[in-house]
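Step one of this worksheet: look at the structure below.
A, B, ... follow the sequence lines: proteins, then strands. Residue 1 opens every chain.
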Number of protein chains: 2
Amino acid sequence: MTNIKKVSELAGVSTATVSRTLKMPDMVTARTKEKVMKAVREAGYRPSWLATSVKTGRTNTIVVLVPNLVNPFFMRIIGGIEQAAQERGFTVLLCDTQGDSKRESDYASMVLTNRADGLIQLDHSFPFSDDDAKLAETIPMVSVCERIHSEKKYPVVSLDNYAASRALVHHLVSYGHTRFAVIVGQVVSQIHKDRLSGLRSVLAEEDIEFDEDMIVGQSYSIENGIESMRQLLAKPTRPTAVICFNDDIAIGAMHEIHRQGLHVPNDISVVGFDNVKVSAFMNPPLTTIDQPAYEMGRRGMEVLSDLINSIPLTRSSEMLPFQLLERQSSGPAPV
Amino acid sequence: MTNIKKVSELAGVSTATVSRTLKMPDMVTARTKEKVMKAVREAGYRPSWLATSVKTGRTNTIVVLVPNLVNPFFMRIIGGIEQAAQERGFTVLLCDTQGDSKRESDYASMVLTNRADGLIQLDHSFPFSDDDAKLAETIPMVSVCERIHSEKKYPVVSLDNYAASRALVHHLVSYGHTRFAVIVGQVVSQIHKDRLSGLRSVLAEEDIEFDEDMIVGQSYSIENGIESMRQLLAKPTRPTAVICFNDDIAIGAMHEIHRQGLHVPNDISVVGFDNVKVSAFMNPPLTTIDQPAYEMGRRGMEVLSDLINSIPLTRSSEMLPFQLLERQSSGPAPV
DNA sequence: GGTATATTTGTTATCGATTACAATAATTAC
DNA sequence: GTAATTATTGTAATCGATAACAAATATACC
C-alpha cells in the first residue's frame with residue numbers, strides 16, 4: 001500500500017505538506033504543489049479514507065434503513081436521498097432490514113461504532129426496545145414516511161396520509177360507490193391509522209355505512225393483495241370499491257379479480273397508494289396516490305445533514321403534498 | 001465518546017486487556033473478563049469500527065455497483081449478495097451508478113481508499129479507461145451477470161444468455177411464429193451479443209428469415225418498450241412475436257399493444273427476460289426467462305470473499321441454469 | 001540592510017484501536 | 001522450596017492520516 005509517508009519521501013517533503021497539498025492547496029506554494037502532485041501520481045497514491053475518518057471523527061456516511069429494497073417506492077425515496085447526499089459529500093449505506101429487528105438494530109448501531117454519522121429510517125420499528133431508545137437518543141436520526149414512536153421526537157418527513165386517504169375515498173364516492181373494502185399493509189403504524197381514519201371521516205360525512213369486516217390484509221405485498229381479495233370476493237356482499245394501502249397490494253387484488261372472471265373497474269374499482277412506476281402500465285392503469293417520494297428523500301437527507309452539522313432545525317415535522325392520479329382502474333359503481 | 005481508554009480506567013486494567021477481553025476472550029481470566037465487561041456495560045462502550053479497521057487493514061465491507069436500483073431484478077441479486085455477505089461478516093455498500101461512469105469510477109475507487117475490501121460489478125462499463133483498468137487490476141472484483149472487458153480476467157457469475165435466448169425462440173417457433181422482432185436494452189454488452197446470436201442460431205436452423213430492421217430499442221426501461229413497440233407497429237408488416245431483452249421492456253411493449261387495440265397473445269406474442277415479480281401478475285402474465293438472481297448474487301459474494309481472503313478459485317467463470325416460464329403472453333401465431 | 005510580519009514548511013502529538021514484546025503472576029516439576 | 005515453564009497482563013509501537021505548534025523562509029516597510 002502506498003501511504004502518505006512514501007509520497008512525502010518521494011517528493012522530498014514532510015507528510016504534513018503532502019496532506020496540506022491535497023486537502024488545503026492554498027497553503028502551499030505552486031512549486032511544492034507541483035512536486036507533491038508529481039509524487040502522488042507516480043506512486044498512485046490515494047489517501048486512506050479510514051485513517052482520515054479516524055482522525056477527523058467524521059465518516060461522511062449515513063445509514064438508510066429500508067424495510068424492503070424490492071419495493072420501487074422506497075427506491076424512489078432513496079434516489080432523492082442519494083442525490084442530496086452526493087451534493088453534501090455524504091455516502092449512503094443502504095441496509096435492507098427485511099423487517100427483521102435484529103438486523104435493524106445491528107445496522108442502526110453502525111452510527112454508534114463510528115461507521116456512519118447519521119441514520120435515516122424508512123421503517124418504523126426502530127427504536128423498539130428501551131435499550132435502543134436510550135441509545136438512539138444520541139444519534140442524528142430522521143424518519144421519512146412514518147412517524148417514530150419514541151420519547152424523543154425525531155424529525156419526520158412524511159405525507160399527509162389522512163388527507164390522501166380522504167382524496168381517494170372522495171374520488172370513489174363521486175363515482176357513486178357505497179360498498180367499500182380496504183386491504184391494509186402493516187397494521188401497527190401511524191400510516192395505517194391515518195389512512196383508516198381518513199377513510200372513516202369521509203364515509204361518516206357522506207352517511208355511508210362501513211362494515212369493519214371489510215378491512216383485510218396484513219402486509220404490503222402482491223401476495224397479500226391476492227389472498228385478501230380472495231377473502232373479500234368470498235363474502236356474501238361483494239364490495240364495489242377496494243382501497244389498497246399500496247400499489248403492490250392493488251396489483252395483486254386486480255390480478256385476483258381478473259382471475260375470477262370479473263372486470264376492473266366495471267365490477268370493482270381498485271385504487272392504490274404510492275404510484276410505483278409499473279402501476280401506470282397495468283391493464284387497466286391503476287388509480288393511485290402519487291407520493292413525492294424523491295422529494296421526501298431529498299428533504300430527509302437535507303434535514304439529517306443539518307442535524308449532523310448541528311444546525312438548528314426550523315421545524316421538526318414536514319408534510320409534503322400528494323397528488324391523486326385518476327386512471328382507469330376506478331370508475332362508476334355498477335348499478 | 002467513550003473510548004477504550006476510559007473503559008480501561010474504569011475497569012482498572014490496561015487498554016490491551018480491554019481489547020483482548022472483547023476480541024480474544026480466551027486470553028483473559030474469568031475475573032478480569034468480568035471486571036472489563038462490567039465497565040463496558042457501564043460506559044456503554046462500543047469499539048470504534050474506524051479505529052479497528054485502520055489498524056487491521058480490513059473493513060469487512062464490499063461495494064456493489066448497480067446500474068439501476070429501481071430494477072427489481074438487480075434487487076434479487078442484491079438479496080443473494082446480502083445474505084452471503086452477512087454469513088461471512090461483510091457489510092454491503094450499495095452504489096447506484098445510474099450508468100454514470102463518473103459515479104461508477106468514484107464508487108469503485110472506494111476499494112482503493114481503504115473504504116471497502118472488494119467490489120461486485122452488476123454493470124459492465126467499469127473499468128472503462130486505461131487508467132481504471134490498471135487501477136482495477138489490483139482490487140478484488142467479481143462480475144455478476146455480465147462479462148467485463150479487460151485484459152485481466154475477472155471471475156464472472158452469469159447466465160447462459162445464448163441458451164436462454166434459444167429456449168425463448170424455440171418456444172415461439174413451436175407456436176408457429178415466423179415474423180420475429182426484438183426490443184433490446186443496452187447495446188454494447190456481452191449479454192446483448194449472446195442473446196442476439198442465440199436468436200439468430202435458432203432462426204437459421206429453422207430456416208426462418210429474420211429482418212435486421214426488426215431489432216429496435218436502446219435501454220432497459222418501460223418507456224423504451226413503449227416507444228420501440230410503437231416503431232414496430234408502424235412498420236408495413238407487423239411482427240407476430242416480440243422478444244424483449246428484459247421484463248420492463250416487455251411491460252411497456254404490452255402496454256402499447258393494448259393501447260393500439262391489439263391483443264396479447266392473439267395478435268402478438270410478447271416474451272421477456274428476468275422474471276421480475278410483477279411480470280407474473282400482468283394481464284396477461286408474461287412469458288419470460290427466470291434467472292436465478294438470488295443464487296447468482298450468493299455465488300458472486302462467495303467468490304469475492306474467497307478473492308479477498310486470497311483463497312485460490314477453482315474456476316473463474318460460472319454459468320447458472322435458467323428456466324423458461326411459459327405464461328399467457330405467448331401463444332399460437334395468428335393465421 | 002535590518003527588523004517586523006506573513007507565508008510556508010517541518011516536527012510531533014493525536015485519533016482509537018491492535019499487537020509485538022516485556023514484565024509479572026501462576027503452575028508445574030523435581 | 002526453588003527453578004523452569006506457562007498463562008496473564010502491561011507497555012509501547014503502530015496503522016495512516018491530521019493539525020497544533022514551532023521553525024524556517026519569504027515579503028514588507030522604513
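Note on Lys23(A): only backbone sugar-phosphate atoms sit closer than 4.0 angstrom, heavy atoms only; bases stay farther off. Thr32(B) comes within 4.0 angstrom of sugar-phosphate atoms only, judged by non-hydrogen atoms across all strands, and of no base. Among the protein residues, Val54(B) comes within range of the nucleic acid bases, having at least one heavy atom under 4.0 Å from a base atom.
Heavy-atom distances to DNA chain C give each of Lys33(A) and Thr15(A) a nearest nucleotide, and the one nearer the 5′ end belongs to Lys33(A). Of the residues near DNA chain C, Ile4(B) and Thr17(A), the one whose nearest nucleotide (by heavy atom distance) lies more toward the 5' end is Thr17(A). Annotation: of the two residues near DNA chain D, Ser14(B) and Ala51(B), the 5′-most nearest-nucleotide partner is Ser14(B).
Separating the CG atom of Asn114(B) from the C1' atom of dA17(D) is a distance of 11 Å, rounded to the nearest angstrom. A straight line from CG of Leu22(A) to P of dA17(D) spans 10 Å, rounded to a whole angstrom. The NZ-C1' distance, from Lys35(B) to dT9(D), rounds to 10 Å in whole Å. Rounded to an integer number of Å, the gap from Met24(A) CE to dA20(D) P is 8 Å. Rounded to whole angstrom, the span from the CG atom of Leu112(A) across to the C1' atom of dG16(C) amounts to 16 Å. Straight-line distance from the CG atom of Asp26(B) to the C1' atom of dT8(D): 13 Å, rounded to whole Å. One can place NZ of Lys55(A) at 5 Å from C1' of dA19(D), the figure rounded to the nearest angstrom. Atom CE of Met27(A) and atom C1' of dA23(D) are 14 Å apart (whole Å).
You'll find the side chain of Ile78(A) stays beyond 4.5 Å of the side chain of Leu94(B), heavy atoms only. Between Pro25(A) and Lys33(A) the shortest side-chain heavy-atom distance falls below 4.5 Å. In this structure, the side chains of Leu304(A) and Pro140(A) come closer than 4.5 Å at one or more pairs of heavy atoms.
When distances are taken from the side chain of Pro47(A) to each of dA17(C), dA17(D), dT18(C), the shortest belongs to dA17(D). Relative to the side chain of Thr56(B), the nucleotides dT18(C), dA17(D), dG10(C) differ in distance, and dT18(C) lies closest. Comparing dT19(C), dG10(C), dG10(D) against the side chain of Val13(B) picks out dG10(D) as the nearest. Nearest to the side-chain atoms of Ala16(A) among the listed nucleotides dT19(C), dT11(D), dA19(D) stands dA19(D). Closest contact between the side chain of Asn3(A) and the listed nucleotides dG16(D), dT9(D), dG10(C) involves dG16(D).
A close approach under 4.0 Å does not occur between any side-chain nitrogen or oxygen of Ser48(B) and OP1 or OP2 of dG16(C). Of the side-chain N and O atoms in Ser19(B), one or more sit less than 4.0 angstrom from OP1 or OP2 of dT18(C).
None of Leu65(B), Leu122(B), Val64(B) except one satisfies the side-chain contact (heavy atoms from CB on, under 4.5 Å) rule with Val144(B); the exception is Leu122(B).
The environment of Glu34(A) atom CD is sparse: at most 12 non-hydrogen atoms of other residues, nucleotides or ligands sit within 6.0 angstrom.
No donor-acceptor distance shorter than 3.5 angstrom exists from the side chain of Ser158(A) to the backbone of Met319(A), with no hydrogens or angles considered.
Between the side chain of Arg20(B) and the base of dG10(D) there is at least one donor-acceptor pair of N/O atoms closer than 3.5 Å.
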